[in-house]
Amino acid sequence: MSERFIAEHIKTLKPSGIRRFFDLAQSMEGVISLGVGEPDFTTPWSVIEASYHSLERGFTAYTPNAGLLTLRQSISRFLDTRFQVRYQPEDEVIVTVGASQAIDLAFRAILNPGDEVIVMEPSFVSYIPTITLAGGVPVIVDTYEKDAFKLSKEAVEAAITEKTKAILICSPNNPTGAVLSREDLIGISDVIKGHDLLVISDEIYADLLYDDTYTSMASMEGMKERTLLVSGFSKAFAMTGWRLGYVCGPKDLIAQMLKIHQYTIMSAPTMAQYGAIEALENGLSEVEMMKESYKQRRNYVVKALTRMGLSCHVPGGAFYVFPSIKSTGLSSSDFAEQLLMEEKVAVVPGSVFGDSGEGYIRCSYAASMKQLTEAMDRISRFLDKLKAKE
């Protein structure tokens with residue numbers, strides 16, 4: 001009886017592959033989880049205090065739909081100082097419930113049925129379902145380990161059709177940690193301008209860049225007016241549970257996105273917004289501390305996996321490694337399941353990030369060095385057992 005009330009396009013929507021392994025790991029004792037992309041640090045104390053104080057002062061009502069103006073001003077200053085991109089806080093910024101809501105708003109505002117969106121893969125698991133739910137058609141462009149999982153301008157050009165509306169870029173990338181350099185963005189932006197496309201630039205990991213200076217797509221010549229810059233507080237500030245993000249872009253498009261936001265969300269949580277103001281104004285030193293710790297862990301994990309014989313490119317940002325497990329002869333799903341059952345280490349099969357992720361696993365190094373050391377020992381032992389079976 002209830003089956004007929006479910007929309008057909010929802011029936012075919014696959015549940016998150018990441019959550020499946022996370023839920024399975026949580027049901028077992030002694031598991032080391034390298035699965036979910038979440039900092040192991042707690043939110044900086046000054047941010048927590050600022051949120052407490054907002055409650056003590058009785059700031060418990062709705063904020064303006066677009067978010068506290070003070071927060072939007074802080075976001076504007078932050079992006080200007082950090083990435084040389086200036087947005088007007090009054091009408092070019094919306095505070096959202098996480099970066100995920102910002103991406104959802106973007107696609108619902110821009111897509112007509114059948115419009116195509118180019119997506120680089122491997123990609124975060126929510127991108128393609130979000131495009132589909134908005135009536136769009138995802139067009140996949142694969143990236144490869146031999147190219148450090150970077151998107152090329154030639155690949156973008158080849159994927160464009162008369163139905164192409166936009167391109168979604170995530171740099172640093174989840175799951176690969178790949179970073180598009182300024183030179184990469186110059187080439188891609190030339191293609192985008194030449195075909196009059198829009199870019200949704202997911203920059204949630206922009207502050208977790210280890211070996212270079214970050215370049216925002218919106219800072220490229222002629223790109224600010226055709227870019228929706230999406231970011232938030234979850235990753236860099238260890239605020240995943242606060243569910244706070246933002247989107248910046250041309251005011252005419254932001255105005256349309258704000259209408260959707262008004263009807264579906266109203267406004268982001270008030271106490272979280274006050275915490276975010278503190279994060280941007282006084283929390284950046286803690287971000288640097290966390291980033292330095294992630295860099296040390298990245299270096300350790302890459303070396304450990306390489307010593308085991310697993311090919312692993314050095315990620316330039318985020319907090320993931322994406323090693324190849326093709327040499328084992330197992331599918332990424334089988335590898336992850338057997339590793340979890342035999343050695344109690346949870347990783348994510350690369351296949352959940354798209355077909356080009358098959359043959360890889362995603363390991364988050366947002367875990368303590370003690371946990372990472374033990375996890376690497378267990379993975380090494382698992383590989384030795386696989387070899388012994390050959």
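Nothing here was measured: the structure is a model prediction, and the numbers come from that model. As a basis for the values below, the full set of heavy atoms in this structure was taken, side chains included, without hydrogen atoms, waters or symmetry mates.
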Pair [X] and [Y], ring centroids less than 6.0 Å apart:
X	Y	value
F382	F335	yes
Y214	F83	yes
F78	Y246	no
Y205	Y320	yes

Please check if any side-chain donor atom of [X] sits under 3.5 Å from a side-chain acceptor atom of [Y], or the reverse.
X	Y	answer
S351	S333	no
D377	S380	no
E145	S324	no
K259	Q262	no

Only one of K303, M308, R307 passes side chain to side chain contact (heavy atoms under 4.5 Å, CB included) with L305; say which it is. M308
Which residue in the set M376, M369, K370 passes side chain to side chain contact (heavy atoms under 4.5 Å, CB included) when paired with T373? M369
How many angstroms lie between [atom1] in [X] and [atom2] in [Y], if you round to the nearest 0.5 Å?
X	Y	atom1	atom2	result
L228	R226	CG	CZ	11.5 Å
L111	E116	CG	CD	10.5 Å
L383	T328	CG	OG1	7.5 Å
I128	E121	CD1	CD	4.0 Å

Hydrophobic clustering (ILVMFWY, side-chain heavy atoms < 4.5 Å, transitive) - are [Y] and [X] grouped together?
X	Y	answer
I325	V302	yes
M217	L105	no
L168	I254	yes
M257	L69	no

With distance as the sole test, does [X] use its side chain to make a donor-acceptor pair with the main-chain N or O of [Y] at under 3.5 Å?
X	Y	result
S231	E203	yes
D184	S181	yes
K150	A178	no
R362	G35	yes
S364	L34	no
S51	I48	no
Q273	L68	yes
S216	A218	yes
S171	L180	yes
K326	S311	no

Residues [X], [Y]: salt bridge by 4.0 Å N-O rule:
X	Y	answer
K295	E292	no
D207	K235	no
E374	R378	yes
R381	E342	no

For Y144, the hydrophobic cluster (side chain heavy atoms closer than 4.5 Å, chained through members) also holds none
Looking only at heavy atoms, what is the nearest atom pair of E278 and A50, with distance? CB-CB, 3.6 Å
Residue pair L372 / A367: nearest heavy atoms and the distance that separates them: CD1-O, 3.6 Å
Just jot down the side chain to side chain donor-acceptor pair (under 3.5 Å) partners of Y127, sequence neighbours excluded, or say none. D202
Which of parallel (below 30°), tilted (30 to 60°) and perpendicular (above 60°) describes F322 and F353? perpendicular
Test of understanding: with side-chain contact (heavy atoms from CB on, under 4.5 Å), list the residues that count as partners of V93, not counting sequence neighbours. R72, I75, Y87, C248
Mind running side-chain hydrogen bond (donor to acceptor under 3.5 Å, both in side chains) on Q84 and S219 for me, showing each step along the way? CA-CA 6 Å; Q84 294 74 57; S219 71; over 6 Å; no
Could you walk me through whether I110 and I200 pass the side-chain contact (heavy atoms from CB on, under 4.5 Å) check? CA-CA 11 Å; I110 70 171; I200 294 88; 3.9 Å; yes
